[in-house]
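For clarity, every value in this text was computed on a predicted model and none was experimentally measured.
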Amino acid sequence: MRGHENFVSSLCVLPPSDKYPTGLIMTGSNDYNINAYTLDSVLPVYTLKGHVNTVCCLAAGKFGTLLSGSWDTTAKVWLNENNVMTLKGHEATVWAVAIIPANGIMLTGSADKTIKAWRAGKCQQTLKGHTDCVRAIAILSETQFLSSSNDTTIRRWTISGECMFEYKGHTGFVYSIALLPNGEDFVSSGEDRTVRVWRDGQCHQTITLPAQSVWCVTCLPNGDIAAGSSDNMARVFTRDHSRKASADEVELFNQQVASSAIPVQSSDLGGIRPEDLPGKEDLINPGKKDGQTKLVKVGDNVEAYSWSQSECKWTKIGDVVGSNDGKQTAGQKVMYEGKEYDYVFSVDIEEGRPELKLPYNVADDPWHVAQQFIHQHELSQAYLEQVANFIISNTAGVTLGSAAPTYSDPFTGGGRYVPGGGAGVQQPTAGGDPFTGGSRHIPASSVPMETTPAPHRNIYFPKTSYITFDTANLQQIIGKLTELNESIANEYKLEQSDISQLKLMVENLNDANSSPTLDQVKILQKALKWPQDQVFPVLDILRLCIRNQFVNKCFCNKQDGAAFISYIQQITSINCKTANKMLVFRTLCNAFQCDTGSNLLKNSREEITTLLMDCKSIKNKNLQIALSSVLLNYAVQQHSEQNAEAKFELLSAVETVLEVEQEDEANFRLVVALGTLTHNDHDSKSLAKSLEIAQTINRLQSKTSVQKLIDSAKGLLQILQ
């Protein structure tokens, strides 16, 4: 297979589909692209472009969903050859990605030492615990997963963020994890040259390979384990004697492992001085755990052995190379900032600037060291490959099992590295009232949506007109406004004439011969500065007035729109009154009515969706209906748009809200939103399938007795078939 312009750094397989019945092989590369191949295609059938740096990890989901992670610090969601969402939040390379389709959760692990759980494009959890780069993630169930790290550990997590267990055994970076067929036990591989099999929380078996690094490991359906390593080999290990390699091949493998040269500085050897080591006779003593490493002195040489718990014996895994004083034979140690290193390179960034120092030990991962160097000195990520290749080419011969380097040298001048010679980065309604009492102000209720339909006929979607909240008892609103005004600070207190003007502005909204004035709008803006526990009648006036073109432009124009959205975010913060949140959501629904407001809300979709998600669990009928109406209006807005990312975000948001128990009218509007988004839209239909929305709708349908909800759910399920 050909098609990439640089090395391939990640790979996964998309399941078969109608278009590609044998599935697709997806490859991510240092050329920033993702290529798709069929089993019989030499060149890619299509290429995904969007990342601005190396694509270093890929994960396949259901119905063609693909998740990618990159050195550009982002993850991207792809469907039907489109980038439908970009996940931003990590501060360093995204080394690991995984998908939990059953609950719509996407996981990303990063060099910033954190794991993030995403839903509907929003970060739901940031999991902290690892003390170095997170390198791999493996899904155990709908609620649990594993992660591995450069800190040598593997952790077991719940989706809620709890670290349930920490597995220790590796002595170097842990690059890869894969589940065994039973779905509970797993295998791992890493920089310590080993593949380790974990059962019941313990390291059950350690397999040492004749290579410096075991980059990846996977479990085959028949239970065999395949591992890819830095010696350009892929090896398969089995428990089935019928598939076992010949005795000659097994013996050759054992000889290769036994003859491997291990740097004395290797982390699993601990830098022990040879003169302090016991002789070979010490191997009569059994090991304490599988994979335990023991060094013994044999004449002038030092040999390394690993304990096999299953075979109850020590197996030679290599000869330790290095001088008796523990220094690398290729040269003396160099002291830098109080630590000893095998090499300290000088790096010129540009003429006239001081040199930067790049320290390196041969037991380190050159790519990791290069990444640390870039972060430390705030250099462009484009330098990563140059720095790593420079380290590799200038330390050739002192790393385990390395052949002659094939990299061309991009460095100039007396052995000094001058970055910048290569290309830079390419520049990711119905409902009751929350207030009680005859004399108290009651925020407006809404008019119900469509009447109950005739069965077997979809009259609900696509919905093409926006939902609005129009009704109001103006006398009660003004009465509550007048009452609260008495206790307002003088700075924002209204004159009686101001209150009269607000009343007049609302009364004239339906008068074709009258229009709100700028002075009236300024009075409304002044009143909106009232304290959060007293501003709700003012919000109700705003809700009514923002349907007017002039008022809508005053709040939603390009110059003032950002301030209006900021106010919306402030007034719906966690500690604000539920009534405020409900009235704000009704205001947003009405703002869709005018082009100015609709454009502002389109451009602020992510911010508004975040507000809605923060309120999804509040048990208030009026708020639930208002919240679902905002999502429905967004669906109406996006129905005719070709914005896959926006539709994916909305589908995810609606599905997330539906999973929380809602009032029937709210659920009905959410179902209509889903139907509107997916109606006659193949991509949105595929997105909905990837989120397994049909399962949620089936559960919803079985719990309700409201006919229009039952019928609309049936119509949606027909679309998703």
Side-chain angles (χ1 to χ4, degrees), residues 63 77 79-85 104 120-121 429 446-450 453 457-469 547 552 556 585-586 588-609 612-613 625-658 665-691 693-694 696-697 700 708-709 711-721:
F63 306 104
V77 184
L79 186 67
N80 295 339
E81 304 179 33
N82 295 313
N83 177 207
V84 297
M85 192 173 295
T429 8
S446 62
V447 179
M449 286 182 60
E450 296 85 346
R457 178 169 169 259
N458 172 37
I459 63 170
Y460 303 109
F461 33 80
K463 185 160 179 60
T464 57
S465 59
Y466 293 122
I467 292 292
T468 58
F469 293 83
R547 298 170 300 166
N552 194 287
C556 302
F585 294 159
R586 291 181 175 182
L588 293 175
C589 284
N590 289 355
F592 277 98
Q593 283 290 102
C594 303
D595 289 343
T596 306
S598 181
N599 289 333
L600 174 64
L601 292 173
K602 178 189 292 186
N603 295 331
S604 306
R605 187 190 68 255
E606 292 186 12
E607 294 90 334
I608 299 302
T609 304
L612 300 176
M613 294 302 98
I625 293 173
L627 185 155
S628 63
S629 299
V630 177
L631 289 171
L632 176 51
N633 279 359
Y634 268 120
V636 172
Q637 183 185 67
Q638 290 295 330
H639 173 63
S640 59
E641 299 280 337
Q642 300 299 316
N643 187 336
E645 183 168 353
K647 290 182 178 180
F648 185 80
E649 180 180 301
L650 290 172
L651 286 167
S652 299
V654 173
E655 197 272 341
T656 300
V657 176
L658 274 173
E665 178 66 26
N667 282 332
F668 171 63
R669 297 182 183 210
L670 293 170
V671 171
V672 174
L674 292 173
T676 300
L677 287 168
T678 55
H679 187 269
N680 290 338
D681 189 325
H682 175 72
D683 287 346
S684 292
K685 179 179 174 180
S686 298
L687 289 168
K689 285 185 173 182
S690 73
L691 294 170
I693 284 176
T696 303
I697 299 303
L700 176 67
K708 68 177 181 180
L709 180 52
D711 292 340
S712 59
K714 286 181 180 178
L716 177 60
L717 291 172
Q718 288 177 355
I719 290 178
L720 297 179
Q721 286 179 351

Note to self: By the side-chain hydrogen bond (donor to acceptor under 3.5 Å, both in side chains) test, which pairs, at least two apart or in different chains, include something from residues 674-684?
What the structure shows: N80-D683, N82-D683, K647-D681, D681-S684
Margin query: With heavy-atom distances below 4.5 Å as the criterion, would you say the side chains of N667 and L700 are in contact?
Written below: yes
Next item on the list: Rounded to the nearest 0.5 Å, what's the gap from CG on N599 to CG on N552? Could you check?
Entry: 10.0 Å
Note to self: Let me confirm one number: the CG-CE distance from L627 to M613, rounded to the nearest 0.5 Å.
What the structure shows: 6.0 Å
Next item on the list: Please determine, by modelled atom types, if Q593 and T468 share a side-chain donor-acceptor pair under 3.5 angstrom.
Entry: no
Check: Run the side chain to side chain contact (heavy atoms under 4.5 Å, CB included) check on V630 and I608 step by step: do they pass?
Finding: CA-CA 9 Å; V630 177; I608 299 302; 4.2 Å; yes
Check: Going through the checks in order, is the side chain to side chain contact (heavy atoms under 4.5 Å, CB included) test met by K602 and E641?
Finding: CA-CA 11 Å; K602 178 189 292 186; E641 299 280 337; 3.2 Å; yes
Checklist line | Contact summary for V636 and S465, nearest pair of heavy atoms | finding: CG2-O, 3.8 Å
Next item on the list: State, yes or no, whether a side-chain contact exists between C594 and R547 at a heavy-atom distance under 4.5 Å.
Entry: no
Notebook entry, point to check: Would you find a donor on one side and an acceptor on the other, under 3.5 Å apart, between the side chain of N83 and the backbone of V77?
Noted result: yes
Item checked: Residue pair F668 / S628, side-chain heavy-atom distance below 4.5 Å -> no
Note to self: Taking the side chain as everything from C-beta on, heavy atoms only, tell me whether D711 gets closer than 4.5 Å to I459.
What the structure shows: no
Margin query: I need the I467 CD1 to N633 CG distance, nearest 0.5 Å.
Written below: 6.5 Å
Margin query: Using 0.5 Å steps for rounding, measure from the CG atom of L716 to the CD1 atom of I693.
Written below: 7.5 Å
Check: Do you know the tightest heavy-atom contact between A653 and L631?
Finding: CB-CD2, 4.2 Å
Checklist line | SB check K708 E665 (cutoff 4.0 Å) | finding: yes
Checklist line | Check: E655 and L674 side chains under 4.5 Å, non-hydrogen atoms | finding: no
Next item on the list: Let me see the working for L650 and Q638 under side chain to side chain contact (heavy atoms under 4.5 Å, CB included), right down to the final yes or no.
Entry: CA-CA 9 Å; L650 290 172; Q638 290 295 330; 3.7 Å; yes
Checklist line | Minimal non-hydrogen separation, C589 against A626, with atom names | finding: SG-O, 4.0 Å
Check: When the aromatic ring centroids of F592 and Y634 are compared, is their separation below 6.0 Å?
Finding: yes
Check: What are the two closest non-hydrogen atoms of G121 and M85, and how far apart are they?
Finding: CA-SD, 3.0 Å
Notebook entry, point to check: Between S629 and Y466, is any pair of side-chain heavy atoms under 4.5 Å apart?
Noted result: no
Check: Rounded to the nearest 0.5 Å, what separation is found between the NZ atom of K463 and the OG atom of S712?
Finding: 12.5 Å
Notebook entry, point to check: So, for S690 and L687, which heavy atoms are closest and what is the spacing to 0.1 Å?
Noted result: OG-O, 2.6 Å
Next item on the list: Of all the heavy-atom pairs spanning F63 and S686, show the shortest one and how long it is.
Entry: CB-O, 4.1 Å
Margin query: Apply side chain to side chain contact (heavy atoms under 4.5 Å, CB included) to residues F469 and N590 and explain how you reach the verdict.
Written below: CA-CA 7 Å; F469 293 83; N590 289 355; 4.1 Å; yes
Next item on the list: Taking the side chain as every heavy atom from C-beta outward, state whether L677 and F461 have any pair of such atoms under 4.5 Å apart.
Entry: no
